[in-house]
Structures are given as C-alpha cells and as structure tokens.
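This report concerns only the one structure given below.
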There are 2 protein chains.
Amino acid sequence: MKTNLKRKIIIVDDHLLFSQSLELLIKSFGDYEVIERFENGKVFIDYLEENNSTEIDLILLDVNMPVLDGLSTMQWLKDNRPDLKVIALSVNDDEEIIIKMITNGAKGYLLKDTSPEIFKEAIECVIEKGFYFTELVSGMLINKVNSDNKKICLKEKEIVFIKHACTEMTYKEIASEMCLSPKTIDGYRESLFDKLEIKTRIGLVLYAIKHKIVFV
Amino acid sequence: MKTNLKRKIIIVDDHLLFSQSLELLIKSFGDYEVIERFENGKVFIDYLEENNSTEIDLILLDVNMPVLDGLSTMQWLKDNRPDLKVIALSVNDDEEIIIKMITNGAKGYLLKDTSPEIFKEAIECVIEKGFYFTELVSGMLINKVNSDNKKICLKEKEIVFIKHACTEMTYKEIASEMCLSPKTIDGYRESLFDKLEIKTRIGLVLYAIKHKIVFV
DNA sequence: ACAAAAAAGGGTATATTTCCCCTTGCCGGA
DNA sequence: TCCGGCAAGGGGAAATATACCCTTTTTTGT
C-alpha cells in the first residue's frame, strides 16, 4: 500500500460523530488520509508543539469548539505555523466570524451543509492552488471591503456602559457603578444613540446582543 | 449479498457533509444500511406519505434544520407515524428542546459530540429495546418532573406584546399596533413584570431573548 | 346569572430622552 | 508660542416614557 503518497489531513472537531464519519468520507475520496483527529484547538496545538516536523497537507478546523475554539486556534496558527493550510468548517454563517477566520489565514470556509462533491473540490483546490472560496464567502469579502470605511468603533468605556445598560440598573445606578456623573453617562448614551442610529435603550440592548457585546 | 437482512436506517439532516459521512460510519458497523437521506423534515415527510409501506427500522433526525425542523417533524411523526423509532441528533443541549423531542416520541437524544461507540450502542439499544437515554437526558427528565408544578405560561397576547416590547416602539405605539388601549398594555406589562420577576422593560427584553420568544 | 378575566382609566412618581451650554486639558498646525 | 479644535466630563431644564398604585367597565365562560 502506497499510503505515503496520499495527502495528509488533520481534522479538529469536537463532534466525534462528525469527525469520525468525515474521516471515512475523506478516505473514500482515495487520495487522502486522515493522520490525526483532535477534539479541540488545545489538544491540536499541543500536538503541533510536540511534532513540529510532521508533514501536514491540510487541516480541517471546526469553528465552534469547547476549550479552545476555531478562531483562537486560527490566531495561534497565524502566529506560529502560517505555513499550514486550513479550511474552516462551521454550521455558522456569521459574517464576522468568517471574515476573522479568513483574515487570520484560513484558506477556505465551508458550511457543514456543503455537499461532499463541493467539499472534495475545496480540499483539492486548497492543496493545489492554495485557496477556495464559495460565493457566500466571496460576497462577504467584497461586502467587507466596501463597508470598511465607515465602521463603528466603540471605546472601552462605551462597552462597559453598554454592558451595564443591558441590565435593569437605572442610568443613575450605572453612573455610580462606573464612578462617573450621571451626566457623563447621559453623554455616552447620546453619542451611542447617534452612532448606532437607535433611539431608545431597548435599541441599545438589541444592538449589544446582536453584536455579541453582551451574552444572554 | 444479504442486504435485505440489514437494519434499515434513514438519516434526516441538512448538513450534507455530516449525513453522507455518517452513512459511511453506519455502514462500517456492518449490521445496518442507510436506505435514504433527506435534508429537511419536509422532504422526509413527503417521502413517507408516498411510501407508507416501506420498512424502516430507525430514523436519525437532526433537530436544527431549515424548512421544517426536527421538532416539527417529530410532532408530525407523533400524529401520523407513531410506530417509527427516532433518535434525535443535535449539537444543542437545550433542555427545553430535548424534553419536547422526547415528549413527542423520540426514543433517544444524542449530541453530535457523542463517540461512535456510544452512537452504535444507542442505535442497537433503540432498535432492540425501544429506547436509549444518556445520563444527560435522564437527568433532564428527572429535573423536569420535579419542576413541572410552578412553570410560567404566557398567553398569546402576552407573547405578541413581548415581541413588540423588544423593539424601539413606545408602549403607546404598541397599544395602537395591537388595537388596545395604552392602559391595557400597561396592565400586560405589570402582570408580566410580576410573573417574570423583573422590574424594567430591559429585563423583559433580556427574558424574551433568553427564552427565544424573540430572535436577534 | 355570576364570577372571573380582560380591557380601560386616573393619578403620581421616577426614569429616560432630548437640546443646548460650560469647563478642562491635550494636541497639532501656523 | 499661541490659538483653534476637539474630546471627555459635567450641568440645566423640559418633554416624554415608564413604572406602580388602585378603580371601573366589558367580556366571557359555565
């Protein structure tokens, strides 16, 4: 058996059913072998640190994982092993995450409802040409470039204020919690309402949750 | 080949990579064959209605799907094909969903990070004995029975009001939107604040999002 | 027909929102 | 060096919106 001629793939995914099944699917393509599987970014990085000379052709990296998630893992890879090729896998089509994975060096981003045919094409494409982007992802990249100019950036204090605003505290209570005059808080609120194009505290709460400033 | 002696399994899951891979995994167990795969509850039900005499030993049903999700599909099965055995598959350990799937007749509930060994055991168990519950699920069932007495139930109008309260509308606007007097809205609010043990509209918004009454 | 809900109202105290103005300190260009 | 600008922090006052009482009228189910 000429196993050593096959492309070497690593799967990092906490869904054991998925990762083990996916290994079988990849095997069925013929040209690839799955040399390792890990259930989160932490154990994967541990492995890389102890086996830094292993030949790896491609990494399939899940985005949502416990312990160390795909994004953090991608950041580590960017800093420590930028040579490795990664395709991110996720059920999640959240634009922000996708953009972050790609800016951190992912060579492709596939949703888990991708067909096996496209999946195979993506693997081949990334190994051969270095990248593979679906229309969804390309669209987001373009969208991103076009809206990069007027992007909203929140200061640290504003973030703290927003978090407090997403509780049942009154503004007065928030002010004393943050050791500021209620009037300053008032100023924060006004400038945020203006910046975020909202009109009420309810709008602020919805914005905060939508943009993951606070969690529910 | 004695294919006709194998147990017949159907997979319903929108994640094509997963469902196709899972089919390979199931095949590798030896005693089973995947006779059909569907990508949402709708096409699965369509199939059942046109092939109501097909022999099916087990259905693996994903919970989160587009078009018609696992819960709705389970409800249809309960009403129309209570004879079919279903194992629900999900990444989601939300207690409410799990309980609902089981009260609608699911014979098992597995998270997708289950190991293939447990998965195989669960399949065998459901086909042979009729059910399989992990500790997680059993724990929830017990928990459920113990806390069933004082559960909060919201009326239809209250739900509608809550949805409106999660926007930047004022109560006055909500009243006219719902064709009610502002005072009636006032009453809704008060009774909800009381029932949900909250003190402000912000609290109501947070409750609504946490309990999936509204989506962000 | 009667009790229980649902709907609506009155009144009042706070909270929130909005607008416009003031100080202080810091930074960059003329 | 001086000066304008600008950002952060704070203020007054007024208009609305919210929150919390408690009462009355209408519907509704049985």
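Per chain, numbering begins at 1; letters A, B, ... match sequence-line order. These numbers come from the heavy atoms of this one structure, side chains and all, not from hydrogens, waters or symmetry mates.
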| query | For the pair made of CG in B/Leu180 and P in D/dT26, what is the distance, rounded to whole Å? | reply | 16 Å
| request: Please state whether the phosphate of C/dA6, meaning OP1 or OP2, lies under 4.0 angstrom from any side-chain nitrogen or oxygen of B/Tyr188. | output: no
| query | Expressed in angstrom and rounded to an integer, what is the separation of B/Arg201 atom CZ from D/dA19 atom C1'? | reply | 12 Å
| Within this structure, what is the CD-to-C1' distance between A/Glu158 and D/dG9, rounded to whole angstrom? | 13 Å
| query | Which atom names give the shortest non-hydrogen contact between A/Glu168 and B/Gly203, and what distance separates them? | reply | OE2-CA, 3.1 Å
| Candidate nucleotides D/dC21, D/dG9, C/dA7, ranked by approach to the side chain of A/Lys157 - the nearest | D/dG9
| query | Does B/Tyr171 put a side-chain nitrogen or oxygen below 4.0 Å from OP1 or OP2 of D/dT16? | reply | no
| field | Basic-acidic side-chain contact under 4.0 Å: A/Glu177, A/Lys163 | value | no
| NZ/NE/NH1/NH2 to OD/OE distance under 4.0 Å, B/Lys212 and B/Glu96 | no
| Rounding to a whole Å, what distance do you find between A/Leu192:CG and D/dG9:P? | 13 Å
| task | Nearest whole angstrom, please: distance from the P of D/dT16 to the CD of B/Glu173. | result | 13 Å
| said: Is it the case that over 12 heavy atoms from other parts of the model lie below 6.0 angstrom from the CD atom of A/Gln20? | reply: yes
| Quick one: which of D/dG12, C/dA8, C/dA15 gets closest to the side chain of B/Lys183? | C/dA8
| note | By nearest-nucleotide position on DNA chain C, the 5'-leaning member of A/Lys172 and A/Lys199 is A/Lys172
| request: Could you tell me how the ring of B/Phe44 sits relative to the ring of B/Phe38: parallel (under 30°), tilted (30 to 60°) or perpendicular (over 60°)? | output: tilted
| Atom pair distance, as rounded to whole Å: CZ in A/Phe193 and C1' in C/dT16 | 8 Å
| Per B/Lys155 side chain, nearest of listed nucleotides D/dC20, D/dG10, C/dA6 | C/dA6
| Closer than 4.0 Å, any side-chain N/O of B/Ser181 to the OP1 or OP2 of C/dG9? | yes
| Protein-nucleotide distance (B/Glu168, atom CD; D/dT16, atom C1'), rounded to Å | 15 Å
| field | B/Thr184 vs C/dA6: side-chain N/O to OP1/OP2 distance below 4.0 Å | value | no
| task | Take the protein atom CD of A/Glu190 and the nucleotide atom P of C/dC21, then report the distance between them rounded to whole Å. | result | 13 Å
| said: Classify A/Arg189 by what it touches in the nucleic acid, base, sugar-phosphate, or nothing, heavy-atom distance under 4.0 Å. | reply: base
